[in-house]
Trainee: 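This is the structure, below, for whatever I ask next.
Letters go in sequence order (proteins before strands), and every chain restarts at 1.
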Amino acid sequence: MEKFVGQKREEHSAANDGSTKPLRKKLKVENDEKVKEEEFDPEDDEDTALAEFSHPIPWQKIEAEGLDCDYALLFSKEEADRLFRQLEEEVVYSTGQEAKVQVFGKVYNIPRKQATYGDEGLTYTYSGVKRFACPWTQALEYIRDAVTKTTGHTFNFVLINRYKDGQDHMGEHRDDERELDPLCPIASVSLGAARDFIFRHRDARGKESSRQIEPVKLELAHGSLLLMNSPTNTFWYHSLPVRKKVLVPRINLTFRRIVQPSQK
DNA sequence: TACCACCCAAACTC
DNA sequence: GGAGTTTGGGTGGT
């Protein structure tokens, strides 16, 4: 039986990192219900969504051993639709060698499209490839600022993954590059198709796994924001598995704060 | 039959 | 020197 994140709620008002955050709801991995998109009532958000994000939004806490995430619907459906369309026009994805990866000596096309944007001069190395940040676009700045106002964290870089349908996917990995500011969470904004997202503890992977720890599964909805707080990326791998029934695209933006070696 | 979970392959980086 | 990392394909379960 698949175990999805459920909806046990307890009110609390402060984030674990000590930053000021809006009132949120706490959610533990204790029952078998998915996070439901219907929980979000666009009526609550309609008037303020376009201009102001500092209002409280209903956060859900996702916790397990060494895993600490916050999930919320950041944008109304209408605004998420608009932002999705704008990104489809603005974002330029990698092609050629940058869109390939070498695995076990074989070269494959990456099963999704990728792009990197951020502050001028920033670079980010992952999967052995160094990437330069393109200048922020209007839509990306808007989304970045919305995330900042909501979370209290600032970001200087965004990695964009576009999944054309449920065939496009991403294998299990951790976002634990040394360039990332360890005090800043990774903020993941989803637009388009809702997709399953799976966390697996590093000690519970493979046949010879040392421990039995249940994976944490959630569904990332259109317009949602998932904050991965420290130390989540130390202990937990995450993946976006193939879902053949999904026929429409999804754009995922992971906002990060990068500290270049010269700044350290 | 379709979908999904899980495991494994080897060359390379850090 | 050793641990970790990438994706596609094969296998088995539902």
Trainee: Side chain of H173(A), heavy atoms from C-beta onward: which of dT6(C), dG4(C), dT7(C) has the nearest atom to it?
Mentor: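 Given the options dT6(C), dG4(C), dT7(C), the side chain of H173(A) is closest to dT6(C).
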
Trainee: Mind telling me whether H201(A) and W236(A) have parallel, tilted or perpendicular rings, with 30° and 60° as the class edges?
Mentor: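 Ring orientation of W236(A) relative to H201(A): perpendicular.
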
Trainee: Tell me the interatomic distance from R200(A), atom CZ, to dC7(B), atom C1', rounded to whole angstroms.
Mentor: 11 Å

Trainee: What nucleic acid atoms does R202(A) come within less than 4.0 Å of, heavy atoms only: base, sugar-phosphate, or nothing?
Mentor: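 Here R202(A) touches no strand at all.
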
Trainee: Rounded off to whole Å, could you give me the CD1-to-P distance for the I198(A) and dC4(B) pair?
Mentor: 10 Å

Trainee: Measure from CG on D196(A) to P on dC6(B) and round the result to the nearest Å.
Mentor: 13 Å

Trainee: Would you kindly give the CZ-to-P distance between R195(A) and dC3(B), to the nearest whole Å?
Mentor: 13 Å

Trainee: For nucleotides 10-12 of chain C, list the nitrogen or oxygen atoms of the protein found under 3.5 Å from its nitrogen or oxygen atoms, one pair per line.
Mentor:
none

Trainee: On the ring face of Y163(A), is R243(A) found with NZ or CZ under 6.0 Å from the centre and within 45° of the axis?
Mentor: no

Trainee: Before giving the answer on side chain to side chain contact (heavy atoms under 4.5 Å, CB included), spell out for K164(A) and R250(A) the whole-Å C-alpha distance, their side-chain angles and the decisive distance to 0.1 Å.
Mentor: CA-CA 6 Å; K164(A) 69 177 188 303; R250(A) 167 180 185 258; over 6 Å; no

Trainee: Looking at A187(A) and V147(A), what are the two nearest heavy atoms and their distance?
Mentor: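 Looking at all heavy atoms of both residues, the shortest contact is CB-CG1, 3.7 Å.
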
Trainee: Looking at R243(A), does any N or O in its side chain come under 4.0 Å of the phosphate oxygens OP1/OP2 on dA5(B)?
Mentor: yes

Trainee: Without decimals, in angstroms, what is the distance between M170(A) CE and dT6(C) P?
Mentor: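 Checked: the CE to P distance equals 10 Å.
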
Trainee: Would L225(A) and F75(A) satisfy side chain to side chain contact (heavy atoms under 4.5 Å, CB included), going step by step from the backbone distance to the final call?
Mentor: CA-CA 9 Å; L225(A) 168 63; F75(A) 298 114; over 6 Å; no

Trainee: Is there a donor-acceptor contact under 3.5 Å from the side chain of T232(A) to the main chain of D68(A)?
Mentor: yes

Trainee: Phosphate oxygens OP1/OP2 of dG4(C): is one of them under 4.0 Å from a side-chain N or O of R174(A)?
Mentor: no

Trainee: Find the distance L240(A):CG to dC4(B):P and express it as a whole number of Å.
Mentor: 12 Å

Trainee: Rounded to the nearest angstrom, tell me the gap between atom CD in Q167(A) and atom P in dG9(C).
Mentor: 12 Å

Trainee: Between atom CZ in F235(A) and atom P in dG4(C), what is the gap in whole Å?
Mentor: 13 Å

Trainee: From the set dG4(C), dA5(B), dG8(C), return the single nucleotide nearest to any side-chain atom of Y237(A).
Mentor: dG4(C)

Trainee: Which nucleotide wins on minimum distance to the side chain of H169(A), given the candidates dC6(B), dG8(C), dT7(C)?
Mentor: dG8(C)

Trainee: Check whether R202(A) reaches the backbone of Y237(A) with its side chain - one donor and one acceptor, N or O, closer than 3.5 Å.
Mentor: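 No: the side chain of R202(A) does not pair with the backbone of Y237(A).
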
Trainee: Kindly point out which of dA5(B), dG4(C), dC3(B) is positioned nearest to the side chain of K244(A)?
Mentor: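 Among the listed nucleotides, the one closest to the side chain of K244(A) is dC3(B).
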
